[in-house]
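Worksheet: the structure to be examined is printed underneath.
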Amino acid sequence: MASKRDYYEVLGVTRNASKEGIKKAYHKLARRYHPDLNPGNKEAEEKFKEIQEAYSVLSKDEKRKAYDTYGSAEFQPGARTTWQWPEGAPEGFAFSFGDFSGIEDIVGEVFGTRESARARRKGRDLEYQIEVDFETAIKGGSKDITITRGSNCSVCNGSGVRPGASTKTCSKCKGSGTGPSSIFNMSKSCNVCGGTGKVPTDPCQSCSGSGRLPLTETITVRIPPGVDNGSRIRVQGKGEVARGGGTSGDLYLVVKISHHPIFQREQDDIYIELPITIYEAALGARITVPTVDGAVLVTVPSGTQSGTKLRLRGKGVPHLKNKERGDQYVVVKIVLPEQINENSKKRFEELAKTSPYNPRTHLEKYIR
(Lines give C-alpha, C1' and ligand atoms only; values in the text may rest on other atoms or scores of the structure.)
Protein backbone atom coordinates (compact mmCIF):
# COMPACT_ATOMS: atom_id res chain seq x y z
CA MET A 1 0.00 0.00 0.00
CA ALA A 2 1.35 3.41 -0.95
CA SER A 3 2.31 5.62 1.98
CA LYS A 4 0.16 8.65 2.66
CA ARG A 5 1.30 12.24 3.01
CA ASP A 6 1.60 13.58 6.53
CA TYR A 7 -1.81 14.97 7.57
CA TYR A 8 -0.23 18.07 9.09
CA GLU A 9 1.61 18.68 5.81
CA VAL A 10 -1.64 18.22 3.86
CA LEU A 11 -3.31 21.01 5.86
CA GLY A 12 -0.15 23.11 5.96
CA VAL A 13 0.04 23.34 9.78
CA THR A 14 2.64 22.43 12.39
CA ARG A 15 2.28 19.38 14.64
CA ASN A 16 1.52 21.59 17.64
CA ALA A 17 -1.20 23.58 15.81
CA SER A 18 -4.33 24.35 17.81
CA LYS A 19 -7.76 22.97 16.90
CA GLU A 20 -8.76 26.44 15.72
CA GLY A 21 -5.64 26.68 13.57
CA ILE A 22 -6.41 23.30 11.99
CA LYS A 23 -9.98 24.38 11.34
CA LYS A 24 -8.90 27.65 9.69
CA ALA A 25 -6.41 25.82 7.49
CA TYR A 26 -9.11 23.38 6.45
CA HIS A 27 -11.51 26.23 5.60
CA LYS A 28 -8.93 27.88 3.38
CA LEU A 29 -8.03 24.71 1.47
CA ALA A 30 -11.63 23.50 1.15
CA ARG A 31 -12.61 26.80 -0.46
CA ARG A 32 -9.80 26.38 -2.96
CA TYR A 33 -10.27 22.73 -3.93
CA HIS A 34 -13.99 22.04 -3.43
CA PRO A 35 -15.31 20.10 -6.49
CA ASP A 36 -18.24 22.49 -6.92
CA LEU A 37 -15.73 25.26 -7.60
CA ASN A 38 -13.52 23.07 -9.81
CA PRO A 39 -15.90 21.15 -12.09
CA GLY A 40 -14.17 18.43 -14.08
CA ASN A 41 -10.82 18.97 -12.32
CA LYS A 42 -9.72 15.50 -11.21
CA GLU A 43 -6.63 16.84 -9.48
CA ALA A 44 -8.77 19.16 -7.34
CA GLU A 45 -11.10 16.24 -6.50
CA GLU A 46 -8.20 14.13 -5.24
CA LYS A 47 -6.78 17.08 -3.31
CA PHE A 48 -10.17 17.71 -1.71
CA LYS A 49 -10.43 14.06 -0.63
CA GLU A 50 -6.96 14.27 0.92
CA ILE A 51 -7.87 17.48 2.79
CA GLN A 52 -11.10 15.90 4.09
CA GLU A 53 -9.26 12.82 5.27
CA ALA A 54 -6.64 14.85 7.09
CA TYR A 55 -9.22 17.06 8.76
CA SER A 56 -11.39 14.09 9.80
CA VAL A 57 -8.48 12.82 11.86
CA LEU A 58 -6.78 15.98 13.15
CA SER A 59 -10.03 17.68 14.19
CA LYS A 60 -10.82 14.93 16.77
CA ASP A 61 -8.69 14.74 19.90
CA GLU A 62 -8.71 10.94 20.23
CA LYS A 63 -8.01 10.39 16.51
CA ARG A 64 -5.24 12.99 16.50
CA LYS A 65 -3.61 11.34 19.50
CA ALA A 66 -3.72 7.96 17.78
CA TYR A 67 -2.32 9.48 14.58
CA ASP A 68 0.54 11.17 16.45
CA THR A 69 1.41 7.83 17.99
CA TYR A 70 0.88 5.38 15.15
CA GLY A 71 0.65 7.45 11.99
CA SER A 72 -1.87 7.07 9.15
CA ALA A 73 -1.64 3.26 9.23
CA GLU A 74 -3.84 3.48 12.33
CA PHE A 75 -6.76 4.57 10.12
CA GLN A 76 -6.44 2.05 7.30
CA PRO A 77 -9.01 -0.73 6.91
CA GLY A 78 -7.87 -3.74 8.91
CA ALA A 79 -5.66 -1.74 11.28
CA ARG A 80 -4.92 -3.70 14.50
CA THR A 81 -3.84 -0.91 16.84
CA THR A 82 -5.76 1.03 19.46
CA TRP A 83 -8.21 2.94 17.23
CA GLN A 84 -11.44 1.16 16.29
CA TRP A 85 -13.87 2.33 13.60
CA PRO A 86 -17.31 2.94 15.13
CA GLU A 87 -19.11 0.83 12.50
CA GLY A 88 -16.30 -1.11 10.86
CA ALA A 89 -13.69 0.07 8.38
CA PRO A 90 -15.17 1.73 5.28
CA GLU A 91 -14.67 0.07 1.94
CA GLY A 92 -12.40 1.74 -0.57
CA PHE A 93 -11.30 4.65 1.63
CA ALA A 94 -9.05 5.06 4.63
CA PHE A 95 -11.62 7.31 6.33
CA SER A 96 -15.36 7.52 6.77
CA PHE A 97 -17.48 10.56 6.05
CA GLY A 98 -20.18 8.93 8.15
CA ASP A 99 -17.89 9.39 11.16
CA PHE A 100 -17.54 13.17 10.61
CA SER A 101 -19.26 14.78 13.55
CA GLY A 102 -20.55 18.08 12.21
CA ILE A 103 -18.58 17.88 8.94
CA GLU A 104 -21.63 19.08 6.97
CA ASP A 105 -21.82 22.19 9.10
CA ILE A 106 -18.09 22.75 8.55
CA VAL A 107 -18.60 22.63 4.77
CA GLY A 108 -21.51 25.02 5.23
CA GLU A 109 -19.22 27.45 7.02
CA VAL A 110 -16.68 27.17 4.20
CA PHE A 111 -19.28 28.43 1.74
CA GLY A 112 -20.60 31.25 3.87
CA THR A 113 -23.40 29.59 5.86
CA ARG A 114 -23.67 27.92 9.25
CA GLU A 115 -26.98 26.25 8.46
CA SER A 116 -27.39 22.63 9.43
CA ALA A 117 -27.64 19.91 6.80
CA ARG A 118 -31.39 19.76 7.37
CA ALA A 119 -31.79 23.52 6.87
CA ARG A 120 -29.77 23.25 3.65
CA ARG A 121 -32.08 20.54 2.26
CA LYS A 122 -33.35 21.51 -1.18
CA GLY A 123 -36.34 20.26 -3.13
CA ARG A 124 -36.00 18.59 -6.50
CA ASP A 125 -35.57 20.79 -9.58
CA LEU A 126 -38.24 20.57 -12.29
CA GLU A 127 -38.01 20.95 -16.06
CA TYR A 128 -40.82 22.02 -18.39
CA GLN A 129 -40.87 22.86 -22.10
CA ILE A 130 -42.27 26.27 -22.98
CA GLU A 131 -43.30 27.41 -26.47
CA VAL A 132 -42.47 31.03 -27.27
CA ASP A 133 -43.63 32.92 -30.35
CA PHE A 134 -40.97 34.26 -32.72
CA GLU A 135 -41.31 37.96 -31.90
CA THR A 136 -41.34 37.42 -28.10
CA ALA A 137 -38.13 35.41 -28.47
CA ILE A 138 -36.56 38.39 -30.24
CA LYS A 139 -37.91 41.25 -28.14
CA GLY A 140 -38.58 39.53 -24.81
CA GLY A 141 -41.79 39.60 -22.84
CA SER A 142 -43.75 37.48 -20.38
CA LYS A 143 -45.83 34.32 -20.53
CA ASP A 144 -48.26 32.66 -18.12
CA ILE A 145 -47.73 28.94 -17.63
CA THR A 146 -49.38 26.35 -15.40
CA ILE A 147 -47.14 23.94 -13.51
CA THR A 148 -47.68 21.11 -11.05
CA ARG A 149 -45.08 20.48 -8.38
CA GLY A 150 -44.80 18.49 -5.16
CA SER A 151 -45.59 20.44 -2.02
CA ASN A 152 -45.92 19.78 1.70
CA CYS A 153 -49.33 18.53 2.82
CA SER A 154 -51.20 21.43 4.43
CA VAL A 155 -52.82 19.14 7.01
CA CYS A 156 -49.65 17.59 8.48
CA ASN A 157 -47.25 20.32 7.29
CA GLY A 158 -45.18 17.77 5.40
CA SER A 159 -44.55 15.46 8.36
CA GLY A 160 -46.78 12.65 7.09
CA VAL A 161 -48.14 12.28 10.63
CA ARG A 162 -51.79 12.67 11.61
CA PRO A 163 -52.08 15.89 13.67
CA GLY A 164 -51.74 15.01 17.34
CA ALA A 165 -50.17 11.61 16.68
CA SER A 166 -46.61 10.64 17.59
CA THR A 167 -43.59 9.75 15.49
CA LYS A 168 -40.71 7.37 15.92
CA THR A 169 -37.07 7.62 14.94
CA CYS A 170 -36.32 6.43 11.42
CA SER A 171 -34.66 3.02 11.65
CA LYS A 172 -32.57 3.53 8.53
CA CYS A 173 -30.88 6.85 9.27
CA LYS A 174 -31.17 6.61 13.08
CA GLY A 175 -32.78 10.04 13.16
CA SER A 176 -30.03 11.90 11.29
CA GLY A 177 -32.23 12.54 8.23
CA THR A 178 -29.35 11.78 5.87
CA GLY A 179 -28.60 8.76 3.74
CA PRO A 180 -25.20 7.23 2.96
CA SER A 181 -22.83 10.14 2.41
CA SER A 182 -20.40 10.60 -0.43
CA ILE A 183 -17.63 13.08 -1.04
CA PHE A 184 -19.68 15.28 -3.34
CA ASN A 185 -23.17 14.93 -1.81
CA MET A 186 -22.76 15.32 1.92
CA SER A 187 -26.37 16.25 2.70
CA LYS A 188 -28.20 13.52 0.81
CA SER A 189 -31.62 12.96 2.38
CA CYS A 190 -32.65 9.57 3.75
CA ASN A 191 -34.99 7.90 1.25
CA VAL A 192 -37.19 6.45 4.01
CA CYS A 193 -38.00 9.52 6.11
CA GLY A 194 -37.28 12.12 3.42
CA GLY A 195 -34.69 13.84 5.60
CA THR A 196 -36.90 14.44 8.64
CA GLY A 197 -35.32 11.73 10.79
CA LYS A 198 -38.80 10.64 11.89
CA VAL A 199 -41.43 8.25 10.53
CA PRO A 200 -45.13 8.35 11.46
CA THR A 201 -46.78 5.84 13.77
CA ASP A 202 -50.21 7.09 12.63
CA PRO A 203 -50.06 8.39 9.02
CA CYS A 204 -51.86 11.53 7.91
CA GLN A 205 -55.02 10.56 6.04
CA SER A 206 -54.87 13.55 3.70
CA CYS A 207 -51.54 12.53 2.11
CA SER A 208 -51.53 8.84 3.14
CA GLY A 209 -48.43 9.46 5.22
CA SER A 210 -46.27 10.72 2.35
CA GLY A 211 -46.30 14.30 3.59
CA ARG A 212 -46.67 15.38 -0.03
CA LEU A 213 -49.49 16.61 -2.25
CA PRO A 214 -49.41 18.00 -5.82
CA LEU A 215 -49.67 21.77 -6.08
CA THR A 216 -50.92 23.24 -9.38
CA GLU A 217 -50.41 26.95 -9.96
CA THR A 218 -50.15 29.48 -12.75
CA ILE A 219 -47.03 31.64 -12.77
CA THR A 220 -45.85 34.48 -14.96
CA VAL A 221 -42.43 33.91 -16.49
CA ARG A 222 -40.19 36.63 -17.92
CA ILE A 223 -38.77 35.79 -21.34
CA PRO A 224 -35.42 37.55 -21.90
CA PRO A 225 -34.74 38.99 -25.38
CA GLY A 226 -32.70 36.68 -27.61
CA VAL A 227 -33.74 33.25 -26.34
CA ASP A 228 -33.44 30.46 -28.89
CA ASN A 229 -34.48 26.84 -29.26
CA GLY A 230 -32.98 24.90 -26.35
CA SER A 231 -32.38 27.97 -24.16
CA ARG A 232 -33.03 27.27 -20.47
CA ILE A 233 -34.82 29.84 -18.33
CA ARG A 234 -34.40 29.39 -14.57
CA VAL A 235 -37.27 30.31 -12.24
CA GLN A 236 -35.83 30.23 -8.72
CA GLY A 237 -37.84 28.48 -6.01
CA LYS A 238 -40.56 27.07 -8.29
CA GLY A 239 -39.37 23.47 -8.22
CA GLU A 240 -40.42 20.82 -5.70
CA VAL A 241 -40.97 22.12 -2.16
CA ALA A 242 -38.45 20.58 0.26
CA ARG A 243 -40.11 18.09 2.56
CA GLY A 244 -40.51 19.33 6.10
CA GLY A 245 -38.78 22.64 5.43
CA GLY A 246 -35.69 23.82 3.60
CA THR A 247 -35.27 25.45 0.21
CA SER A 248 -37.55 24.76 -2.73
CA GLY A 249 -35.92 23.51 -5.92
CA ASP A 250 -35.82 25.55 -9.12
CA LEU A 251 -37.89 25.36 -12.27
CA TYR A 252 -36.05 25.17 -15.61
CA LEU A 253 -37.98 26.05 -18.75
CA VAL A 254 -36.60 24.69 -22.04
CA VAL A 255 -37.53 27.07 -24.86
CA LYS A 256 -39.10 26.01 -28.16
CA ILE A 257 -39.59 28.83 -30.70
CA SER A 258 -42.77 28.80 -32.80
CA HIS A 259 -42.40 28.76 -36.58
CA HIS A 260 -42.78 32.14 -38.30
CA PRO A 261 -44.41 32.32 -41.75
CA ILE A 262 -41.82 34.71 -43.32
CA PHE A 263 -38.82 35.04 -40.99
CA GLN A 264 -36.11 32.44 -40.46
CA ARG A 265 -33.49 32.63 -37.75
CA GLU A 266 -29.85 31.54 -37.85
CA GLN A 267 -28.23 32.26 -34.49
CA ASP A 268 -28.45 36.06 -34.10
CA ASP A 269 -29.36 36.80 -37.74
CA ILE A 270 -32.78 36.85 -39.40
CA TYR A 271 -33.43 35.91 -43.03
CA ILE A 272 -36.37 36.79 -45.25
CA GLU A 273 -36.95 35.89 -48.91
CA LEU A 274 -37.91 38.84 -51.13
CA PRO A 275 -39.60 37.94 -54.44
CA ILE A 276 -39.00 40.55 -57.19
CA THR A 277 -39.98 40.80 -60.84
CA ILE A 278 -37.56 40.48 -63.73
CA TYR A 279 -38.21 44.14 -64.47
CA GLU A 280 -37.27 45.21 -60.89
CA ALA A 281 -34.14 43.10 -61.10
CA ALA A 282 -33.15 44.65 -64.44
CA LEU A 283 -34.07 48.25 -63.72
CA GLY A 284 -33.63 48.44 -59.96
CA ALA A 285 -36.32 49.35 -57.43
CA ARG A 286 -37.17 50.62 -53.95
CA ILE A 287 -39.18 47.94 -52.14
CA THR A 288 -40.80 47.91 -48.68
CA VAL A 289 -39.57 44.98 -46.59
CA PRO A 290 -40.92 43.80 -43.18
CA THR A 291 -38.60 43.49 -40.16
CA VAL A 292 -39.31 42.64 -36.52
CA ASP A 293 -39.06 46.39 -35.82
CA GLY A 294 -41.48 47.40 -38.60
CA ALA A 295 -41.31 48.03 -42.35
CA VAL A 296 -38.20 49.55 -44.00
CA LEU A 297 -37.38 50.63 -47.58
CA VAL A 298 -34.73 48.53 -49.32
CA THR A 299 -32.92 49.54 -52.51
CA VAL A 300 -32.60 46.73 -55.07
CA PRO A 301 -29.77 47.78 -57.45
CA SER A 302 -30.15 47.48 -61.20
CA GLY A 303 -28.93 44.11 -62.45
CA THR A 304 -29.52 42.32 -59.14
CA GLN A 305 -29.24 38.53 -59.48
CA SER A 306 -31.53 35.96 -57.87
CA GLY A 307 -29.98 34.81 -54.56
CA THR A 308 -28.35 38.18 -53.80
CA LYS A 309 -28.34 38.99 -50.07
CA LEU A 310 -29.07 42.56 -48.98
CA ARG A 311 -27.95 43.31 -45.43
CA LEU A 312 -29.93 45.35 -42.89
CA ARG A 313 -27.57 46.09 -39.98
CA GLY A 314 -28.87 45.74 -36.44
CA LYS A 315 -32.26 44.33 -37.46
CA GLY A 316 -31.56 40.84 -36.16
CA VAL A 317 -31.71 39.15 -32.76
CA PRO A 318 -30.21 40.67 -29.58
CA HIS A 319 -27.46 38.48 -28.10
CA LEU A 320 -28.49 36.98 -24.76
CA LYS A 321 -25.34 38.16 -22.97
CA ASN A 322 -24.18 41.44 -24.48
CA LYS A 323 -27.50 42.52 -26.07
CA GLU A 324 -25.78 43.46 -29.33
CA ARG A 325 -28.09 42.71 -32.24
CA GLY A 326 -27.44 40.62 -35.29
CA ASP A 327 -28.49 41.59 -38.81
CA GLN A 328 -31.38 40.87 -41.13
CA TYR A 329 -30.60 39.51 -44.58
CA VAL A 330 -33.01 40.05 -47.47
CA VAL A 331 -32.53 37.21 -49.96
CA VAL A 332 -33.64 38.25 -53.46
CA LYS A 333 -35.59 35.79 -55.58
CA ILE A 334 -36.50 36.70 -59.17
CA VAL A 335 -39.96 35.43 -60.00
CA LEU A 336 -41.47 35.21 -63.49
CA PRO A 337 -45.22 35.42 -64.04
CA GLU A 338 -46.87 32.00 -64.14
CA GLN A 339 -48.50 32.77 -67.50
CA ILE A 340 -46.96 34.82 -70.32
CA ASN A 341 -49.26 36.03 -73.10
CA GLU A 342 -48.33 36.12 -76.77
CA ASN A 343 -47.63 39.85 -76.77
CA SER A 344 -45.16 39.49 -73.87
CA LYS A 345 -43.47 36.54 -75.59
CA LYS A 346 -42.81 38.67 -78.67
CA ARG A 347 -41.23 41.40 -76.53
CA PHE A 348 -38.99 38.86 -74.83
CA GLU A 349 -37.96 37.51 -78.21
CA GLU A 350 -37.04 41.03 -79.37
CA LEU A 351 -35.09 41.60 -76.16
CA ALA A 352 -33.20 38.31 -76.63
CA LYS A 353 -32.19 39.44 -80.12
CA THR A 354 -31.17 42.99 -79.17
CA SER A 355 -29.45 42.12 -75.87
CA PRO A 356 -28.12 38.57 -76.21
CA TYR A 357 -26.05 37.05 -73.39
CA ASN A 358 -25.08 33.55 -72.28
CA PRO A 359 -25.03 32.93 -68.50
CA ARG A 360 -23.67 29.37 -69.05
CA THR A 361 -20.28 30.08 -70.59
CA HIS A 362 -18.52 28.68 -67.49
CA LEU A 363 -20.09 25.27 -68.25
CA GLU A 364 -18.92 24.97 -71.85
CA LYS A 365 -15.52 23.44 -71.07
CA TYR A 366 -17.26 20.58 -69.26
CA ILE A 367 -19.62 19.78 -72.13
CA ARG A 368 -18.33 16.97 -74.39
Side-chain angles (χ1 to χ4, degrees), residues 36-37 39 111-113 115 118-155 157-158 185 187-189 194-195 206-207 210-272 290-295 312 314-328:
D36 289 348
L37 302 180
F111 291 96
T113 174
E115 296 175 306
R118 184 166 298 178
R120 291 197 304 274
R121 190 187 307 122
K122 184 179 178 181
R124 186 169 61 93
D125 292 337
L126 296 179
E127 184 174 286
Y128 275 69
Q129 186 178 82
I130 180 175
E131 188 165 354
V132 178
D133 65 80
F134 189 89
E135 293 197 6
T136 300
I138 306 303
K139 298 181 179 180
S142 61
K143 186 178 180 70
D144 292 340
I145 64 169
T146 300
I147 62 171
T148 300
R149 57 189 181 126
S151 182
N152 288 323
C153 172
S154 59
V155 175
N157 199 28
N185 188 15
S187 56
K188 180 180 179 181
S189 297
S206 177
C207 62
S210 68
R212 310 288 285 170
L213 287 174
L215 172 65
T216 299
E217 60 182 324
T218 299
I219 62 174
T220 301
V221 179
R222 188 183 71 84
I223 311 298
V227 294
D228 200 356
N229 283 312
S231 294
R232 285 162 60 89
I233 300 173
R234 178 188 177 211
V235 185
Q236 190 171 5
K238 288 299 180 180
E240 299 276 357
V241 177
R243 181 173 176 176
T247 305
S248 294
D250 298 326
L251 171 65
Y252 289 90
L253 301 174
V254 181
V255 174
K256 178 184 178 183
I257 309 298
S258 302
H259 172 75
H260 196 279
I262 63 170
F263 293 124
Q264 289 188 338
R265 176 175 173 178
E266 293 186 13
Q267 297 182 342
D268 290 342
D269 295 327
I270 296 174
Y271 288 78
I272 183 173
T291 75
V292 291
D293 299 321
L312 302 178
K315 295 296 183 181
V317 184
H319 194 279
L320 265 175
K321 293 183 178 179
N322 58 30
K323 303 306 177 185
E324 291 183 2
R325 293 186 64 171
D327 302 320
Q328 177 170 319

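In this chain, numbering begins with 1 at the start of the sequence shown.
Atoms CG and CD1, on Leu312 and Ile270 in that order, are 10.0 Å from each other to the nearest 0.5 Å. Residue Asn322 holds its CG atom at 8.0 Å from CG of Asp268, rounded to the nearest 0.5 Å. The CD1 atom of Ile130 sits 5.5 Å away from atom CD1 of Ile233, with the distance rounded to the nearest 0.5 Å. Ile262 contributes atom CD1, which lies 4.0 Å from atom CD1 of Ile272 (distance to the nearest 0.5 angstrom).
Within the 3.5 Å criterion, the main-chain N or O of Leu251 finds no donor-acceptor partner in the side chain of Asp125. Under the 3.5 Å distance criterion, the side-chain polar atoms of Asp133 are left unmatched by any main-chain donor or acceptor of Ser258. Formation of a donor-acceptor pair under 3.5 Å by the Arg265 side chain with backbone atoms of Gln267 is found in this model. The closest donor-acceptor contact from the side chain of Asp269 to the backbone of Gln328 lies at 3.5 Å or more, if one exists at all. Checking side-chain atoms of Arg149 against main-chain N and O of Gly239 turns up a donor-acceptor pair under 3.5 Å.
Here Glu127 pairs with Arg232 under the salt bridge (Lys or Arg N to Asp or Glu O under 4.0 Å) rule; sequence neighbours left out. Remark: Asp293 engages Lys315, Arg325 in a salt bridge (Lys or Arg N to Asp or Glu O under 4.0 Å) (not counting sequence neighbours). The side-chain contact (heavy atoms from CB on, under 4.5 Å) check on Gln129 picks up Lys256, with sequence neighbours excluded.
The minimum heavy-atom distance between Thr148 and Tyr128, with the atom names listed, is N-OH, 2.9 Å. Residues Asp250 and Gly237 approach most closely at OD1-N, 2.9 Å, considering heavy atoms. The two residues Cys153 and Leu213 come nearest to each other via the heavy atoms SG-CD1, 3.9 Å. Shown here for Cys207 and Gly211, the closest heavy-atom pair between the two residues is SG-N, 3.1 Å. For the residue pair Gly226 and Leu320, the shortest heavy atom distance occurs at O-CG, 3.6 Å. The shortest heavy-atom contact between Arg212 and Asn152 is NH1-OD1, 3.2 Å.
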Exercise. Dump the intermediate steps for side chain to side chain contact (heavy atoms under 4.5 Å, CB included) on Ile223 and Val221, then the final yes or no.
Key: CA-CA 6 Å; Ile223 311 298; Val221 179; 4.3 Å; yes
Quiz item: Stepwise, does the side chain to side chain contact (heavy atoms under 4.5 Å, CB included) test hold for Leu126 with Lys238?
Solution: CA-CA 8 Å; Leu126 296 179; Lys238 288 299 180 180; over 6 Å; no
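Heavy-atom contacts from other residues, nucleotides or ligands closer than 6.0 Å to CD of Glu131 number more than 12.
In this structure, Ile138 and Pro318 have side chains that are in contact, with non-hydrogen atoms separated by less than 4.5 Å.
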